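This is a predicted model, so every value here is computed, not measured. The chains referred to below are lettered A, B, ... by the order of the sequence lines, with proteins before strands, and numbering in each begins at 1.
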Number of protein chains: 2
Amino acid sequence: MKRKPSTEATSAWIRLMRVQSRVLDCVEQDLKKAGFPPLAWYDALLELSRAPSGELRPVELERQMLIPQYSTSRLIDRLVDEGLACRRECKIDKRGQFVEITEAGRELQKRMWGAYSAAIEKYVGSKLSDADAVKLSGLLDRLGCSCGEMKLPPVVNVNASSPSR
Amino acid sequence: MKRKPSTEATSAWIRLMRVQSRVLDCVEQDLKKAGFPPLAWYDALLELSRAPSGELRPVELERQMLIPQYSTSRLIDRLVDEGLACRRECKIDKRGQFVEITEAGRELQKRMWGAYSAAIEKYVGSKLSDADAVKLSGLLDRLGCSCGEMKLPPVVNVNASSPSR
DNA sequence: CCTCACTCGATGCACCTGCATCAATCTTGA
DNA sequence: TCAAGATTGATGCAGGTGCATCGAGTGAGG
């Protein structure tokens, strides 16, 4: 027989949805008002800037960012159009390519982190003690794994000067 | 001088973003695979079904759902196209209208809740104890309020047979 | 009564997304 | 060596979203 969904789980679900969409909206708005592109661009630039020589295969980027393939493809188009990245041929696999971050890309990533980290502080840091933030992370982590077939990217360390993911 | 964003807050932020997008994706996929429309439709139908006579002004719906005006307008279009709601003239304010849920709308809302609650149970309830779900809700609530000018809708009770929001 | 500011809801436009599919290339295994 | 299948990345199409703006209607002040 079916188990009735717990009221607590439902309530947690609702809050999770509402709160993240509100907070995300706030952060994105702050960035937009400061004249920056969407957060997805930042994420991509960050991944690229971390990569060994500032370049990644699109398929790697896709796996890091957990977004669909076509989405990656078009995001790269836009980054290239804006001169934030450029495409390089991939000698070892002619189907593929490398995407390399440019100086302008690195520079934008750093400038965005200024605004981004300020927004996180404003909408998250200022509302939660460190201890509570840790508790929250812990509880969220338990939800994170194994929705269907899970492919969590090697979750990176969160250091002071760039947020990882 | 600027305060440096806390590592804990950043980490909590990242997890919040990642986890909710994963969990939401999973739930939406389950619903889609069961042949149901997107969750936004469910939310709208739920709000309507709860309203005094099953009808609301679009502007009310918009405030309940915290989505932009044009979004409400087009969502209503779609619901009406599918026969899940119908428009009624508003005698007291000729600019406005009422949107009324139909029987088909009520019926769909109930059927969706079956699949929806099962998905919540699967992706949230089964991973957290009730006590942890309560803790999570509490921590999230602290983030929820006052992003810029806050207009929290009168948050409704979460009862056993329909999830509220 | 009239005007002006505001609210309600719709819509044209640009862009973004999901889906399906494609061509090119790589890999596997007989 | 070669055919079958998998992988990489791009793209046409339909539909969803944000933004700006519009017309209609309301309501407060003079």
> May I have the distance from I76(B) (atom CD1) to dC8(C) (atom C1'), rounded to whole angstrom?
11 Å
> I'd like to know if the side chain of S73(B) reaches the main chain of Q69(B), judged simply by a donor and an acceptor atom lying under 3.5 Å from each other, with no hydrogens or angles considered.
no
> To the nearest angstrom, how far is E60(B) atom CD from dC8(C) atom P?
9 Å
> Establish, from distance only, whether the side-chain atoms of T102(A) and R106(A) form a donor-acceptor pair under 3.5 Å.
no
> Return the nearest nucleotide to the side chain of R57(A); candidates are dA10(D), dA10(C), dT8(D).
dT8(D)
> Does a side-chain N-to-carboxylate-O contact under 4.0 Å join D81(B) and R78(B)?
no
> So does K32(B) pair up with D25(B), basic N to acidic O under 4.0 Å?
no
> I need the CG-P distance between L56(A) and dG9(D), as an integer number of Å.
11 Å
> Within the 4.0 Å limit for protein heavy atoms, which parts of nucleotides 16-25 of chain C are touched? Write it as a string from 5' to 3', B for base, S for sugar-phosphate only, - for none.
SBBB----BB
> So, are D77(B) and R87(B) salt-bridged, with charged N and O less than 4.0 Å apart?
yes
> Specify the separation, in whole Å, of atom CG of D81(B) and atom P of dG16(D).
10 Å
> Please report the distance, rounded to the nearest Å, between CD1 in I67(B) and P in dG18(D).
9 Å
> Do you see a donor-acceptor pair shorter than 3.5 Å between the side chains of Y116(A) and D30(A)?
no
> Take atom CG of L75(A) and atom C1' of dT11(D), then tell me their distance rounded to the nearest Å.
16 Å
> Measure the distance from CD on E28(A) to P on dC19(D) and round it to the nearest whole Å.
11 Å
> Could you tell me how far apart E89(B) (CD) and dA10(C) (P) are, to the nearest whole angstrom?
14 Å
> If you compare every side-chain N and O of S73(B) against the phosphate oxygens of dA10(C) (OP1, OP2), does one of them come in below 4.0 Å?
yes
